2 protein chains.
Amino acid sequence: MKVINIKDIKSNIGLEVKINGWIYNKRSSGRIVFLVLRDGTGFLQCVVEEDNVDVNTWNVVNCLSIESSVSLVGILVKHPKNEEIELKTKSILVIGSSKDYPITKKEHGPEFLFENRDLYLRSKTPWAILRIRDQIFRSITNFFYEEGFIRFDSPILQPTSCEDTTQLFEVKYYEEVMYLTQSGQLYLEAGIMSFGKAYDFGPVFRAEKSKTRNHLSEFWMMDAEMAFYDQEMNEDIQEKMVKRIIKDVLDNCELELNILERNTTILERCIKEQFIRIKHKEAKRICKEVLNIQNVVELDDMSTEEEIALGNYFQIPVFIEDYPMAVKSFYMKKYVDMDGVERAKNADLIAPEEGREIIGGSQREDDYEVLKAEIMKRNYPIEKYEWYLNIRKYGSVPHSGFGLGLERMVRWITGVHHIRETIPFPRTTIINKP
Amino acid sequence: MKVINIKDIKSNIGLEVKINGWIYNKRSSGRIVFLVLRDGTGFLQCVVEEDNVDVNTWNVVNCLSIESSVSLVGILVKHPKNEEIELKTKSILVIGSSKDYPITKKEHGPEFLFENRDLYLRSKTPWAILRIRDQIFRSITNFFYEEGFIRFDSPILQPTSCEDTTQLFEVKYYEEVMYLTQSGQLYLEAGIMSFGKAYDFGPVFRAEKSKTRNHLSEFWMMDAEMAFYDQEMNEDIQEKMVKRIIKDVLDNCELELNILERNTTILERCIKEQFIRIKHKEAKRICKEVLNIQNVVELDDMSTEEEIALGNYFQIPVFIEDYPMAVKSFYMKKYVDMDGVERAKNADLIAPEEGREIIGGSQREDDYEVLKAEIMKRNYPIEKYEWYLNIRKYGSVPHSGFGLGLERMVRWITGVHHIRETIPFPRTTIINKP
């Protein structure tokens, strides 16, 4: 007997097969029972007719409860009308029973679902979201391999913080104190002096007390750095990567996108058309004059409202370039514009459809003295950055890099509302079970 | 002018090219200077002859110091005698100078090298090791994709410990205490009830005070779990994966293995021949009777000495199966052998060449009552395992899984002695800089 997965039913039509899985749904219609079987690779309607099975099997089917694990044997046939493939079931073996499965057809609140996240994972929506997450992870790693990057795992435990110290989680590390990483970027910059192009992709942590749909305390971040890259090349490779991610998801995740009822019109446009690139100054002007947003502050960061409005306005990802240095990080390469404003050679990439910032990147300051002066100006402890400054002391090169928050990207591509849906076991100020 | 990487020199012989990189080595011989250029993708000899360059370039070359970053232009030629490709240099542009680079040709102690890990990364040995690490990571992710696994990121911050509580790092998490993960396995077991086959691959943490060449406080662990898999299928897929990793490294990392002077005889054997599978009881007998090891304790774990001796004896990886349950984890499926000893349906995979344990795996206990009794027997706090027990309550299935420590695998394949060499920035009780 051939044991197959549901993803392979098309190539097995007409054959008798065995499929292992769980009962996802069940409805009866007199002498016929319709089961929906799930096996991790997909969902399959299995028809059990009283006339076609023995008494024992018929009794088993009638007692079968949701989420029981089973081994089904039957013949794969095409439904005469809708062309869908289903299993004409011959026999059922119950492997593990399931009594009073707590997640039922009735609407549960998110609190209940996330307190039972270990079970809620079995439902169609999380299944579809986390499979798209897997595809996005895979697209990113494949992309970097093809582009000649080396994976370089930055350390999670770091002796110093990168920037904002208020959001750090402290760890008692033997007799010392260390901090959970907020970004691997500084380490990666040392890495590319050996490998040329490198990326890391691991968990990062922010002790952020805000309870919004945008924040997780633990999430996965991809950092990439490239030697001999300026900011224009940096944006080129980001655009290429985002297009690749979207294309892979559209090509490989049709079932998942259908389950999520994702309208893919804009995603399809993102593959075909060039992303927009505008200066921060112009972005602020559009917000004020075209989008009529109140209280636009020209030399400030982009607000949530402004990011969402710009995304809706362009309907395609937009690089917002050259933020005022005052609102950006010390390591960014800077210049003084015609109005005398110190600006960064950077860009944030804003996604449409309320995706907001999905990538932040910049050219990095490669001049030892300029970088040192910036660190001093910000009153950061200079002795902690000695090793980082050394990167500019021994064969400094122009280099650039960017960071992508995996969950932000998954949320945009899947179109789900709350970021907690995009990671298997979310960690926030309220949800940390199990 | 074509800008190329050193990895692509073969397809550019006879052409004038530009290569960006760093000066790795330099020696003079009268009117000729030999430079070794590195660019992250490889190393290239560049010949500068006084007669072939202008006075300015010749002066630049003579002042050029180790680790300066440069842009070289020249013609790629094959050396008439040894067939090696080299660059006949025409011009040199210095991008970033490098004065008194601290890592010189003289022997430095490991303390010095790891205090300057950010610079030491640029040396040939770390470059080669970490590129093989990248290849192993890639082999694993490709393998799992081809085998139908979904990547499932287990949480790093966990409310409870899995087993050994003495090696946990504590994190102050808002008003609570959480712990850094030691393994994602328990979460992954919940995951496969949705996805069938899943793996995670992230950092794990052990507060281990021992200062040996085998221990890191932070390292990367891959956990895989498979529904409807027994222990035999579990060992089959592990063997297939290890063979795939070795084949990929041998196929793609010739330069790196040469730099490390790795004798690959045994690795080549590992691809062709079946791994050994023996019972723990038999392994202990061999240790005692064949290998004449003193003080072999039959019902104990395998000692370091025993693991190394068995690896040397078989000269190929060996699965040691069915350890006494008393020395193994609570979640393993157990049985009572003919001597009345409670044993686990498990296997540790021991690598030859002092690689020691590279994989640990087992079938998992799928019976609710049996698992509950084992947790009670070990005096673990049962309320913390309620969710984990639930996996056996709703459609339990036979399932198995295994864990692979990335650094242990990298150490074996590269043949380096100390585990700290196998990760970009090692974290131990003594080395945590930068």
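On a predicted model such as this, the values are computed, not experimentally measured, just so you know. Reminder, nothing fancy here: chain letters follow the sequence lines and each chain counts from 1.
In this structure, Trp22(B) has its ring center under 6.0 Å from that of Phe228(A).
When each of Arg38(A), Glu386(A), Lys393(A) is checked for heavy-atom pairs under 4.5 Å with chain B, Arg38(A) comes out on top. With respect to chain A, the highest number of heavy-atom pairs below 4.5 Å among Thr41(B), Asp153(B), Asp39(B), Val3(B) belongs to Asp153(B). With chain A as the partner, the residue from Asn390(B), Ile150(B), Val397(B) showing the most heavy-atom pairs under 4.5 Å is Ile150(B). Between chain B and the options Met193(A), Glu67(A), Lys384(A), Arg392(A), heavy-atom pairs under 4.5 Å are most frequent for Met193(A). Annotation: maximal heavy-atom pairing with chain A below 4.5 Å, among Ser68(B), Ala207(B), Ser71(B), occurs at Ala207(B). In terms of heavy-atom pairs under 4.5 angstrom with chain B, the leader among Leu406(A), Ile95(A), Asn5(A) is Ile95(A). Top candidate by heavy-atom pairs under 4.5 Å with chain B, chosen from Leu130(A), Ile192(A), Ile423(A), Ile391(A), is Leu130(A). In terms of non-hydrogen atom pairs under 4.5 Å with chain B, the most contact-rich of Arg138(A), Lys7(A), Lys172(A) is Arg138(A). The most heavy-atom pairs under 4.5 Å with chain A, out of Arg133(B), Glu175(B), Arg151(B), come from Arg151(B).
By the 4.5 Å heavy-atom criterion applied to side chains, Leu180(A) and Leu157(B) are counted as neighbours. Side-chain atoms of Thr141(A) and Asn142(B), non-hydrogen and from C-beta on, never get closer than 4.5 Å to each other. For the pair Ser194(A) and Arg131(B), the minimum side-chain heavy-atom distance is 4.5 Å or more. With a 4.5 Å cut-off on side-chain heavy atoms, Val171(A) and Phe205(B) do not count as touching.
Ser217(B) and Tyr174(A) make their closest contact through OG-OH, 2.7 Å (heavy atoms, listed as atom of the first residue, atom of the second, distance). The shortest non-hydrogen separation linking Ala190(B) to Phe425(A) is CB-CZ, 4.4 Å.
Residue Lys26(B) qualifies as enclosed at atom NZ: its count of foreign heavy atoms under 6.0 Å is above 12.
Contact of Asp118(A) with chain B is made through backbone and side chain together, with heavy-atom distances under 4.5 Å. Within the 4.5 angstrom heavy-atom criterion, no atom of Thr181(A) approaches chain B. Using a 4.5 Å cut-off between heavy atoms, Phe137(A) contacts chain B through its side chain alone, with no backbone atom that close. Arg117(A) does not touch chain B: none of its heavy atoms, backbone or side chain, sits under 4.5 Å away. Proximity to chain B involves both the backbone and the side chain of Arg427(A), based on heavy atoms less than 4.5 angstrom apart. Of the two parts of Ile23(B), neither the backbone nor the side chain holds a non-hydrogen atom closer than 4.5 Å to a non-hydrogen atom of chain A. Interface remark: Glu170(B) contributes backbone atoms only to the contact with chain A (heavy atom separation under 4.5 Å). Looking at Glu176(A), only its side chain comes within 4.5 Å of chain B, counting heavy atoms on both sides.
Relative orientation of the Phe169(A) and Tyr173(B) rings is parallel, given thresholds of 30° and 60° on the angle between their planes. Relative orientation of the Phe195(A) and Trp127(B) rings is parallel, given thresholds of 30° and 60° on the angle between their planes.
Between the side chain of Tyr394(B) and the main chain of Ser69(A), no donor-acceptor pair closer than 3.5 Å is present. Counting only distance, with no hydrogens or angles, the side chain of Tyr187(A) and the backbone of Pro434(B) share a donor-acceptor pair below 3.5 Å.
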Run the side-chain donor-acceptor check on residues 196-203 of chain B: report pairs under 3.5 Å with partners two or more places apart or on a different chain.
unit_1	atom_1	unit_2	atom_2	d
Lys197(B)	NZ	Glu147(B)	O	2.9
Asp200(B)	OD1	Asp223(B)	N	3.1
Asp200(B)	OD2	Ser154(B)	OG	2.7

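For the atom pair Asp134(B) CG and Tyr145(A) OH, the distance stands at 9.0 Å (nearest 0.5 Å).
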>> Does Leu121(A) form a side chain to side chain contact (heavy atoms under 4.5 Å, CB included) with Phe152(B)? I'd like the steps, not just the answer.
In response: CA-CA 11 Å; Leu121(A) 287 168; Phe152(B) 179 92; 3.7 Å; yes
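In terms of the ring-ring contact (aromatic ring centres under 6.0 Å, His included) criterion, Tyr368(B) has no residue partners (sequence neighbours excluded).
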